[in-house]
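Scroll down for the structure; my scribbles are underneath it.
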Amino acid sequence: MAEISGVVNSIIYRNTENGWTVLELAPDEGEKLTVVGALPLASVGERVELEGEYASHPKYGCQFKVVSYHTLAPATLSAIETYLGSGLIKGIGPATARAIVASFGMDTLRILDEDPLRLSEISGIGAKRRDMILASYTENRMMRDILLALEPYGITVNQAYKLYKIYGELCLTRIEENPYQIIQDVDGIGFVTADKIAQNVSGFSFDSESRLRAGLLYALSLAANEYGHTYLPRASLLNYASKLLGAEPERLGDSLDLLVERNEAVHQMVGETEAVFLPFFERMEFKIAEKLLRLSQKPIDNPFFDFAAIQSAQKLELSAQQRGAVLTALNEGALVITGGPGTGKTTIIRFITAIVEEMGLDVALTAPTGRAAKRMSDATGHDARTIHRLLEYVPGEGFLRNADDPLYSDMVIVDEMSMVDVSLMNALLKAIPVGTRLIMVGDADQLPSVGAGDVLRDIIASETVRVVRLDEIFRQAQSSMIITNAHRINSGSAPILDVPESDFVFEDFASQDRILDRIIDVCTHPDGVLATSEPLLDVQVLAPMKKGVLGVWNINTKLQAALNPPEPDKKEHISGDSLFREGDRVMQMKNNYKVEWKRRLPNGTSEDGTGAFNGDLGTVFQIHEQDRSMSIIFDDDRLAIFDFTQLDEIELAYCISIHKSQGSEFPVVILPMFGSASPMMTRNLLYTAVTRAKRQVVCIGRRDALISMVNNNRTDRRYTALCSRLTELKALGV
């Protein structure tokens, strides 16, 4: 084992998830050297003492592989200046670092530690900037100490940052008290990580009650977050948890009973099934059922309006089926309108909105995503907002619109209802008073919501709320092979391919590598193939899976290199396994209610807000290494700034999963077709993908894979209780 010491010259690469770093070292003796290893806290300008071994890399030559390291105080004025000006400390750039070192010399770091108020002696550093510098320097030093102390617990650097932000200097105390508590407290740390930590903390045995209860709750959370269940059958829960924890089902049954006794889980019958819920899911499905039935009982008041005059003003002529849907909407307290593409759902929304406004009443238009809300606005000429904006969500406070401060609209129309999960539906219904009409519009054959529940299909299946089914495809839609093939796919018929000059294109390629090459080729040379000349803006590749040659991750890497290659003026940042570059297409992968954004409005003013939501698409605008942040312009013009520690919420989005495309429409959709034997390649997955396209669908791959998807009508059952609750409450006369 060899030992070397020197000054960190530059950071070549760092994985912020696990701390793996490649850096250039200027040793105390000898020439510059490449150093690799877990060096999460090493910064430019620092002196470090390293222990490890020399190795020869076949591509990069001689390297020093680190086993352990220690940070030493910078030994020269130049090293101190480089350290302070490296961007590690907010408020200090290279010029300020030079000024500080020029004033304090070799005493600089001692003064920062012991007499930091003296920073005000430096020209240009006022009280506000001084306090920012000191806060950053102190936090950095404290974080460094804590991160090093957390290292033995097997915690990644990114997780350690999150722990520090929640617990501060009490990190170690909280972990040692109960490592399983961090599952509840720290977003992004689950049972597997907490269990690994617990193995390194004395006092937590393999069959401890804390571990078994945490494992059962983790199983319920996983069922909701990964598979959309709002409950699990008791036997399924115990069986899964037994495999996860290595404990006997009987022993786990006792722990589950204790969770129920403590109200940390709910045990109820759903039909003939013994169901176990997380308490909030049980409450939400009951409250949704109760409120929907109350809304649907609104007496019919037969509003009067001139149908012909409104048709003339809107330059629309409704079919008999559409007229029936409009009249039903105006005479029901709650209504579902469902149908596939081209059946006139948007036309009905536009017409109902016009009628309600003609009557002098107020209508609120809303949808789960910003893209869907914008489509409503464009179609109706009426302002439409996301459900979060409609309900005035504020981080830390929740939805300001609720039962105590409800929405004051005569009608609420919700589009893309298939995307609405139980949590969002519960929040929306809380804010809708009885007497307000609720119109729910969506395609029940789409994939269910990403979040837990199957709200739209449960409401329809319960037969407790009036449902209008649209099945007439209009003449203008019949000319589109996208619409025609979508309905054929949904009915189990093979799509019609090879129609000349069609908006549904199929290109036959046999191997995965050839399919991938062709996707890259048409995205980089769209002329003559794609219905756009701007693929970076208009094209969305949708893949069924994330892994593999034709998975989301690999396609993203290839398309990033082709559509947004590195350039000297484009900044980059590596976070975990992802490399982000200015100009990249990205997607928000989870709800973040705290991220702040600004948006410039058409009238020249701007608005501020908070929140970026699961599925939001945008473009990386700027990467700020000094501030450790990345700004993203989302497609609805919000400019949001993310701290580097939040980048695990962001993924490249040149290619996204079909599940994540719900609620969105794209001018051109490209679909790789391969893997016909996979049970995950289902009919409604293909149907959802095809219906995301406005101008063109381009399928590239194997015909047998496409036909296999059409024939695979397998649907994964979601364990949800809303249908049963609606039926039960209706029978009780609620």
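Not counting sequence neighbours, the partners of Arg581 by the side chain to side chain contact (heavy atoms under 4.5 Å, CB included) test are Gln560, Asn564, Pro566, Lys570, Glu572, Leu579, Asp584. Judged as a side chain to side chain contact (heavy atoms under 4.5 Å, CB included), and not counting sequence neighbours, the contacts of Asp443 are Pro341, Asp445, Gln446, Tyr687. Checked against side chain to side chain contact (heavy atoms under 4.5 Å, CB included), Thr328 has the following partners two or more places apart in sequence or in another chain: Glu332, Leu335, Arg466, Val468.
Side-chain atoms of Glu582 come within 3.5 Å of backbone atoms of Ile623 as a donor-acceptor pair (strictly under, hydrogens ignored). No donor-acceptor pair under 3.5 Å is formed between the side chain of Asn402 and the backbone N or O of Lys430. Under a 3.5 Å cut-off, the side chain of Thr720 and the backbone N or O of Leu722 do not form any donor-acceptor pair.
Using a 4.5 Å heavy-atom cutoff, the side chains of Phe666 and Ile656 are in contact. Looking at heavy atoms from C-beta onward, Met630 lies out of side-chain contact with His624 at the 4.5 angstrom threshold. Between Thr532 and Pro667, the closest side-chain pair of non-hydrogen atoms is not below 4.5 Å.
For the residue pair Arg585 and Thr619, a side-chain donor N or O sits within less than 3.5 Å of a side-chain acceptor on the partner. Counting only N and O atoms by type, the side chains of Arg350 and Thr380 include no donor and acceptor under 3.5 Å apart. In this model, no donor atom of one side chain and acceptor atom of the other lie less than 3.5 Å apart for Thr610 and Glu596. Side chains of Asp503 and Gln696: no donor on one and acceptor on the other come within 3.5 Å. Side-chain atoms of Ser629 and Asp643 form no donor-acceptor pair, as typed in the model, at a separation below 3.5 Å. With 3.5 Å as the limit, one finds no donor-acceptor pair spanning the side chains of Arg389 and Thr366.
Atom CG of Leu365 is separated from atom CG of Leu390 by 9.5 Å, given to the nearest 0.5 angstrom.
Cation-pi geometry between Arg283 and Phe286 is not met at under 6.0 angstrom from the ring centre and within 45 degrees of the axis.
Using a cut-off of 4.0 Å between Lys/Arg side-chain N and Asp/Glu carboxylate O, Asp454 and Arg718 are scored as not salt-bridged.
The local environment of OH in Tyr408 is crowded, with over 12 non-hydrogen atoms from other residues, nucleotides or ligands closer than 6.0 Å.
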